[in-house]
There are 2 protein chains.
Amino acid sequence: MSTRPSTERKLLDAADELLFGRGVATTTVDELLALAGVSPATLYRAYGSKDGLLVAALQRRQSRWLEVWDDAVAAATGPAEALLSVFDALATFRAQPHGARWCAFLGSAAEYADPPAPLAAALRADTEHLRSRLRDLAGPLVDGDAARAARLADALLLVVSGELAMQLREPGSRTASARAVARAVLDAELSGAPA
Amino acid sequence: MSTRPSTERKLLDAADELLFGRGVATTTVDELLALAGVSPATLYRAYGSKDGLLVAALQRRQSRWLEVWDDAVAAATGPAEALLSVFDALATFRAQPHGARWCAFLGSAAEYADPPAPLAAALRADTEHLRSRLRDLAGPLVDGDAARAARLADALLLVVSGELAMQLREPGSRTASARAVARAVLDAELSGAPA
DNA sequence: GTCTATATGCTGATAGAC
DNA sequence: GTCTATCAGCATATAGAC
């Protein structure tokens with residue numbers, strides 16, 4: 001009794017699987033159409049181009065990621081765990097059906113010499129959301145010291161990005177070691193407070 | 001009085017600049033030929049294909065990177081600085097003429113659904129060399145404890161990869177913050193020795 | 001009206017023939 | 001070194017089915 005998926009939905013699902021799972025350039029429009037079971041006219045009417053579909057798929061993916069991260073934060077037992085829960089969210093998100101090979105945003109950006117504006121905007125939004133959310137979560141841990149929170153957030157953003165890039169080097173690698181590195185960085189920030 | 005560069009050399013230089021600076025898929029064979037000033041026959045005779053040239057360029061790049069890193073290690077003032085000198089090497093290498101947008105190895109791998117064998121091998125070689133070299137440099141800092149050295153090396157590899165991926169998010173970002181994160185990780189490992 | 005199926009122009013990459 | 005055959009992918013047009 002599932003309702004029939006809309007053609008947009010089918011196209012976005014196909015984009016998730018092919019564009020992010022196998023790469024943008026390597027995936028042809030024909031493959032997308034075949035997987036979605038949709039005719040060319042439908043794609044071009046709804047999204048204008050392959051790139052248009054890519055951007056739409058990134059946007060949907062972004063909101064899904066935020067939900068997963070929100071849940072992970074909500075499940076955390078304290079402020080430090082809330083900050084580190086980004087790694088739990090990463091693992092959860094990766095285990096979901098529409099998993100990307102490493103990171104849909106970084107991966108897409110990597111495939112363009114200089115990315116078209118909407119794509120650059122999507123990556124920037126992802127980066128800025130990560131940074132500001134991490135900063136907010138870091139705040140309570142450093143008594144609201146904005147500079148320290150920002151420094152901590154930048155450090156975690158670096159570790160998160162490293163964890164993603166490691167998926168490219170070694171597809172199976174666990175997020176556990178990234179979490180451990182992040183905790184070491186956190187502990188260092190909380191014990192000392194070096195310049 | 002410079003000797004005339006060989007056609008192979010010219011092709012490798014062109015590959016460095018275009019394949020790694022702008023991306024593999026976005027660069028056409030014609031652009032490579034035009035920049036190198038050689039004819040198609042030359043490329044296909046010497047390397048067989050665009051991918052063949054790519055792999056050859058990666059191999060040359062790997063040995064150049066090792067030289068830069070060796071120099072940075074040699075210039076370090078002590079064992080801890082030697083371990084962290086990988087970030088100096090990264091900055092130096094990036095400042096050289098044939099700079100990639102972020103990382104030639106990760107970037108190339110990211111552009112293939114599943115990379116052809118020689119390319120996968122090149123990335124694996126890069127990863128393994130990073131890891132083993134970092135492990136060797138970490139050894140003296142942990143009294144030769146192999147497990148701790150390995151853990152430290154893995155952590156630094158993660159940070160290095162993160163620093164590279166951050167270039168994709170924010171092209172101008174400095175290696176300084178990665179170095180600071182790495183130092184925090186190092187300090188944490190050297191003070192406590194948590195499981 | 002929305003979608004499918006099919007056919008086609010166009011562009012550009014690859015590889016090889018000359 | 002030029003030149004060209006082949007091939008693939010993107011985008012669109014047309015006509016018909018639900």
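A, B, ... follow the sequence lines: proteins, then strands. Residue 1 opens every chain. Remember, it's a predicted structure, so these values are computed and weren't measured experimentally. These numbers come from the heavy atoms of this one structure, side chains and all, not from hydrogens, waters or symmetry mates.
Using modelled atom types, one finds no donor on one side chain facing an acceptor on the other under 3.5 Å when comparing A:T27 with A:R22.
When the C1' atom of D:dG9 is taken as reference, atom CG of A:L18 falls 15 Å away, rounded to whole Å. Note: NZ (A:K10) to P (C:dT2) measures 16 Å, nearest angstrom. Atom-to-atom, CG of B:L32 to P of C:dA13 comes out at 10 Å; the value is rounded to the nearest Å. To the nearest angstrom, P of C:dC3 lies 14 Å from CG of A:L33. Per the geometry, CD belonging to B:E31 stands 10 Å off P belonging to C:dT14, to the nearest Å.
Within 4.0 Å (heavy atoms only), B:T7 reaches no atom of the nucleic acid at all.
A heavy atom lying under 4.0 Å from DNA chain C marks the following residues of residues 35-59 of chain A, by number: A:G37, A:V38, A:S39, A:P40, A:A41, A:T42, A:R45.
Scanning both residues, A:L83 and A:A138, for their nearest heavy atoms gives CD1-N, 4.1 Å.
With respect to the salt-bridge test (charged N to carboxylate O, under 4.0 angstrom), the residues A:R148 and A:D143 do not qualify. Taking a cutoff of 4.0 Å between a charged side-chain nitrogen and a carboxylate oxygen, B:R133 and B:E128 do not qualify as a salt bridge.
Partners of B:F93 by ring-ring contact (aromatic ring centres under 6.0 Å, His included), not counting sequence neighbours, listed by chain and number: B:W65.
For A:T28 and D:dG9, the shortest distance from a side-chain N or O to OP1 or OP2 is not below 4.0 Å.
In this structure, CD in A:E163 is found 5.0 Å from CG in A:L90, a value given to the nearest 0.5 Å.
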